[in-house]
Amino acid sequence: MQNYEREHLAKLRPYLSECMVLLKSNGAFPLAGAGEIALYGSGARHTVKGGTGSGEVNSRSFVTVEQGLKGAGFTVTTSEWMDAYDGVLRDAHAEFIRLIKKRARERHTLAVMDGMGAVMPEPEYDLPLSGIRDTAVYVLSRISGEGNDREFQKGDILLSESEKRDILFLQRNCSKFLLVLNVGGPVDLEPVLEVDNILILSQLGSETGAALADLILGKTFPSGKLATTWAASGDYPDIGEFGDINETRYKEGIYVGYRYFDSAEVPVLFPFGFGLGYTSFELYQAECELEQADTVSVSVRVRNTGCYPGKETVQLYVSVPEGKLDQPYQCLAAFEKTRTMEPGAEEEIRLRFSLHDVASFDAELAEWIMEAGDYVLRIGTNSRETTVVGTVRLTDSVKVCRVRSSFGIPDFSDWKPENRRTEVPEETVPCLIIEPGRIPVSEVSYNRDKPDCAPAKCLSDEELAYLSVGAFDPRAGVLNVIGNAGRSVAGAAGETSRMLKYQGIPSLVMADGPAGLRLAKDYVKGKDGARALGGSFPESMLELLPSPARFLLRLMGKRPGKKEQILHQYCTAIPIGTAVAQSWNLEFATLCGDIVGEEMERFGVHLWLAPALNIHRNIRCGRNFEYFSEDPLVSGLFAAALTNGVQAHPGCGTTVKHFAANNQETNRYNSNSQVSERAMREIYLRGFEICVKRSHPYALMTSYNLINGTHSSERRDLIEDILRSEFGFRGIVMTDWVINGGTINRASLHPAPEAWKTAAAGSNLFMPGSRRDWKNIVSALRGGELSREQLETNVADLIRVINELVK
Ligand code: BGC
């Protein structure tokens, strides 16, 4: 292992337990020392470090739970069980692949297309619990990824019968039993709620298993909190639609996650913001005041009342008064995490937010408004355990900002609770009066500053078109796509055109994330550039190909040429997005960004295709693990913190994605998200706004889906009006990969996007780029559908960013 890898792992290790959420505890853990331990479950040996798809990182190595416990000195007594489980898994997997191939034959499609992203549900098994000891751990794993949503079925969101049986047996028969969840999103824990000790380990990258061993031995302590509500499967709402291949109506409007559960008073198993430590905390002496303009400041004292060190995260929620607009019971306005507090230690925490940040969107008038009334401030340690600490009384309503109406109107009205839950604060609670004049009002100019177009003006139509699509290489054929597009850097997902190098315009290299930098581990460099060796084509895709194609690809991919030297790029796998958010520690997120930025500099990558900050609208979304939270504030702040970490490195930028309302994987290329303008602005765009305003990412990726009938990549209102003019974005906009590709569901009603239309909407790059896309732009220019002026502006933006990033 090289020094930088060692350093990065060492920097991450102490923070990993901050990403784990202890859901239940009876004090049996941590253990006093390592000894015999019985280890069971799918994740014991087959631990998941992150999800599948473009978010998978090729790290040099990875510590499973079995290895982590053994490395920490435990004697694992259940090798026999784990060996037998390996056999069950092998057989189940072979059958799973056989069925995908059979189905593809019946449908006359390619198995590799039909089965893309397919995830095998956890198989049932019947194995004797040999090797059982008094101390036992059951590791339940789930994996998901691009192209496939999760299901409310056994072995996926629901526990399998075998899992339930074994978990309950261990709970009833072992004196110290820990259920460990090696998952990227919720599973339904209702049937096993009697278990006394439950920990969400999550998927923490390279050192997942080692971090668990640290925690079990009390070398670290858990301090993570849920960034998404965990409820029983029957209690998730079915107000809005999910997973239709053509139309998905977001009928729940703004009532997403805890905004729904808390307003409709639906029971949850573990609320948003919840997480235990090895110790306990008390909050007391809360005080609120109004600082300059409309900044609300709340201070509270925190005391560690238990016997272990710990960290607490204090959360400030606001209940906005209802008037013309309905409002959720509360929404998160600020949070702060303490330092490590020893038993008995005290610390004062101060939380601040600007009142206008909780303004609501009145779609009828296209205005952000604050209605008169009492804004109730609640302090707590999760959304269900809060205390009212004050109110801010706004004496008259304020129009905070007028904007251009966007997105059109969907074919439904948003749901709202019949009776909103309200509790009138006691009279003793302090009330701060604020006059409307203190709320800052703003105006948007939709004539954004145009970049200096001089360098673009000298280029021919063809040259402008080259710079508007990613670098395509006619020789690379199918390998031009994900994971092999990079000629400059092996395993990079894409690159801007190399055709204009002779004009002094170098290319930008882009590589995936978000759980680290995704590059090819092994590669060779020849006169044509870099070439990834084995591993760049995911095994999950290879096994779906017909045998001759598989053989050929393996041959091409693995063999270095004569005299070619095999080189390596080892990247650090950091925790998945949801785990980073579960830390509620923005400094940690910046550190993760810093690690990624250092590796980008090292390997010559300019743009990281991350962070991904789509909202956890529904727990079924297959890519939720890449995303942070059901809450836009958490999503926006974590994306900004990661961006700040990456962009502190010269020549490195982030690409925030997928803009916007990309909340399902089913027919992800061509499904139409029907959303009201209020929900778009308050929920689905808010995180992007926070991130753009706080960290100025260099790039942004639009999503595959349509929004109210038009692809997001072709929406000028989204890109030019909202992103650039309202949010002040100054970077480049690119499409997601192959948005006009061949994998579009045949039953889809919607047309595929076109390169020239994305350019006309103000998007700078059509990715990853092909000759067809280039021709499409050139002919739209010639035919007059696309103006040269627009293309010059797009290219001028790109050249500015290239000049800033490539030195
Ligand atoms: C994913 C993106 C990713 C891109 C490049 C797409 O399939 O949706 O998130 O960045 O591929 O790999």
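Whatever order the structure lists them in is the order used to number ligands and atoms, beginning at 1.
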Distance from Ile619 atom CD1 to Asp149 atom CG, nearest 0.5 Å?
11.5 Å
Could you list the atoms of ligand 1 found under 4.0 angstrom from a heavy atom of Lys657?
2 (C), 3 (C), 9 (O), 10 (O)
Where is the tightest heavy-atom contact between Ser488 and Val509, given as atom of each residue plus distance?
CB-CG2, 4.0 Å
To the closest 0.5 Å, what do you measure between CZ (Arg617) and OH (Tyr627)?
13.0 Å
Residue Tyr704 vicinity, atoms of ligand 1 by number, heavy atom under 4.0 Å:
6 (C), 7 (O), 8 (O)
Do Arg681 and Glu726 meet the salt-bridge criterion of a basic N to acidic O distance under 4.0 Å?
yes
Against heavy atoms of Met701, which atoms of ligand 1 measure under 4.0 Å?
10 (O)
Under a 4.0 angstrom heavy-atom cut-off, which atoms of ligand 1 come close to Arg668?
7 (O), 8 (O)
With a cutoff of 4.0 Å, is Arg623 in contact with ligand 1, counting heavy atoms of the residue only?
yes
His658 N/O under 3.5 Å from ligand 1 N/O:
yes
Please lay out, stage by stage, how Phe688 and Phe659 fare under the test ring pair (Phe, Tyr, Trp, His ring centres under 6.0 Å).
CA-CA 8 Å; Phe688 287 96; Phe659 195 61; 4.9 Å; yes
Option nearest atom 6 (C) of ligand 1 (shortest heavy-atom distance, choices Ile739, Asp736, Thr655)
Asp736
Please name the pair of heavy atoms, one in Leu519 and one in Cys571, separated by the smallest distance, quoted to 0.1 Å.
CD1-SG, 4.1 Å
